[in-house]
Amino acid sequence: MNEIKTKLEAVKDAKYKLLLIVGKPGTGKSKLIHDYAQDTGNAILDLNAIFGEEVPEGSDSQYITNFMDGFLATYKPDVLLLDNKRVLYSKNSQIDLLSFLKNIAEKKTVVATWNGMVENGHLVHIRSKVDHDLTYPLDSLECEYIVCE
């Protein structure tokens, strides 16, 4: 819990106020964010519960971005907690997850779980329904992260 608070302090004046909780399935990412939510009283936004687990084929992924812009206009807490974002990287989605999170983190401090790992100087995003994972160089992330192992 203290690690999240310390990392959030580190991003409070950053361009992207983004903290990723990184780990493979079963490493405790969701537990960590749920513990933080319980400690702070912040709710966790579950995008899968709102949109389902797949972007409808033929639809523009822009509608998720538009939803988030509208949601953030009325969202009062200082920190937005995101878990269960599978819809954002479903096979029909054109959303780049890191760019999407950074866009939100320019407006609001964001703590988000990240299904993946840190490996060979890169942040890896594991996408189980797609044939390749995404990798981002650590030196270009412009955010903080915690690794759950």
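Just so it is clear, the structure is predicted and the values come from calculations on it, not from any experiment. Heavy atoms only: backbone and side chains are in, while hydrogens, waters and symmetry mates are out.
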Go through the steps to decide whether Asp78 and Thr109 satisfy the test side chain to side chain donor-acceptor pair (under 3.5 Å), and finish with yes or no.
-> CA-CA 6 Å; Asp78 293 335; Thr109 300; over 6 Å; no
Apply side-chain contact (heavy atoms from CB on, under 4.5 Å) to the pair Val79 and Val110, showing each step before the final yes or no.
-> CA-CA 6 Å; Val79 178; Val110 176; over 6 Å; no
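- Counted within 6.0 Å of CD on Glu106, heavy atoms from surrounding residues, nucleotides or ligands total more than 12; the atom is thus considered enclosed.
- For the atom pair CD1 (Ile21) and NZ (Lys29), the distance works out to 9.5 Å, reported to the nearest 0.5 Å.
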Working for side-chain contact (heavy atoms from CB on, under 4.5 Å), residues Val11 and Tyr16 = CA-CA 7 Å; Val11 300; Tyr16 304 112; over 6 Å; no
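- When side chains are defined from C-beta on, Glu149 does not count as touching Thr27, because their heavy atoms never get closer than 4.5 Å.
- Using a 4.5 Å heavy-atom threshold, the side chains of Thr113 and Leu81 count as separate.
- Cys148 is not listed as a side-chain neighbour of Val22, based on a closest heavy-atom distance of 4.5 Å or more.
- Under the rule for a side chain to side chain donor-acceptor pair (under 3.5 Å), the partners of Glu142 that lie at least two apart in sequence or sit in another chain are Lys102.
- From Asp46, atom CG reaches atom OG of Ser30 across 9.0 Å, with rounding to the nearest 0.5 Å.
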Mind running side-chain contact (heavy atoms from CB on, under 4.5 Å) on Glu144 and Leu18 for me, showing each step along the way?
-> CA-CA 6 Å; Glu144 293 287 326; Leu18 176 59; over 6 Å; no
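- Between Met117 and Ile126 the shortest side-chain heavy-atom distance falls below 4.5 Å.
- Using a cut-off of 4.0 Å between Lys/Arg side-chain N and Asp/Glu carboxylate O, Lys107 and Asp69 are scored as salt-bridged.
- Shown here are the side chain to side chain donor-acceptor pair (under 3.5 Å) partners of Glu119, two or more places apart in sequence or in another chain: there are none.
- Residues in residues 11-23 take part in these salt bridge (charged side-chain N to carboxylate O under 4.0 Å, His left out) pairs, two or more places apart or across chains: Glu9-Lys12.
- Around CG of Asp35, the count of heavy atoms belonging to other residues, nucleotides or ligands within 6.0 Å exceeds 12.
- Checked against side chain to side chain contact (heavy atoms under 4.5 Å, CB included), Phe67 has the following partners two or more places apart in sequence or in another chain: Ile50, Phe51, Phe71.
- Rounded to the nearest 0.5 Å, atoms CG (Asn103) and CG (Leu101) are 9.5 Å apart.
- Within the model, atoms CG of Leu123 and OG of Ser140 stand 9.0 Å from one another, a figure rounded to the nearest 0.5 Å.
- For the side-chain contact (heavy atoms from CB on, under 4.5 Å) test with Pro137, the passing option among Asp139, Thr135, Leu141 is Asp139; the others fail.
- Residues satisfying the ring-ring contact (aromatic ring centres under 6.0 Å, His included) criterion with Tyr136, sequence neighbours excluded, are Trp114.
- Residues His125 and Leu97 are in side-chain contact: their nearest non-hydrogen atoms beyond the backbone lie under 4.5 Å apart.
- Considering CG of Leu134 and CG of Leu98, their distance stands at 9.5 Å, rounded to 0.5 Å.
- Side chains of Ile4 and Asn2 form no contact here, defined as non-hydrogen atoms less than 4.5 Å apart.
- Note: Leu19 CG to Ile33 CD1 = 8.5 Å, rounded to the nearest 0.5 Å.
- Put simply, the side chain of Val118 reaches to within 4.5 Å of the side chain of Tyr145, judged on heavy atoms.
- Of the possible donor and acceptor atoms, none in the side chain of His34 sits under 3.5 Å from a partner among the backbone N and O of Leu32.
- Under the side chain to side chain donor-acceptor pair (under 3.5 Å) criterion, Asp39 pairs with Lys5, not counting sequence neighbours.
- The side-chain heavy atoms of Asp83 and Leu47, taken from C-beta on, include no pair separated by under 4.5 Å.
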Would Lys7 and Val111 count as a side-chain contact (heavy atoms from CB on, under 4.5 Å) if you check the C-alpha gap in whole Å, the side-chain angles of each, and the deciding distance to 0.1 Å?
-> CA-CA 10 Å; Lys7 295 283 188 173; Val111 178; over 6 Å; no
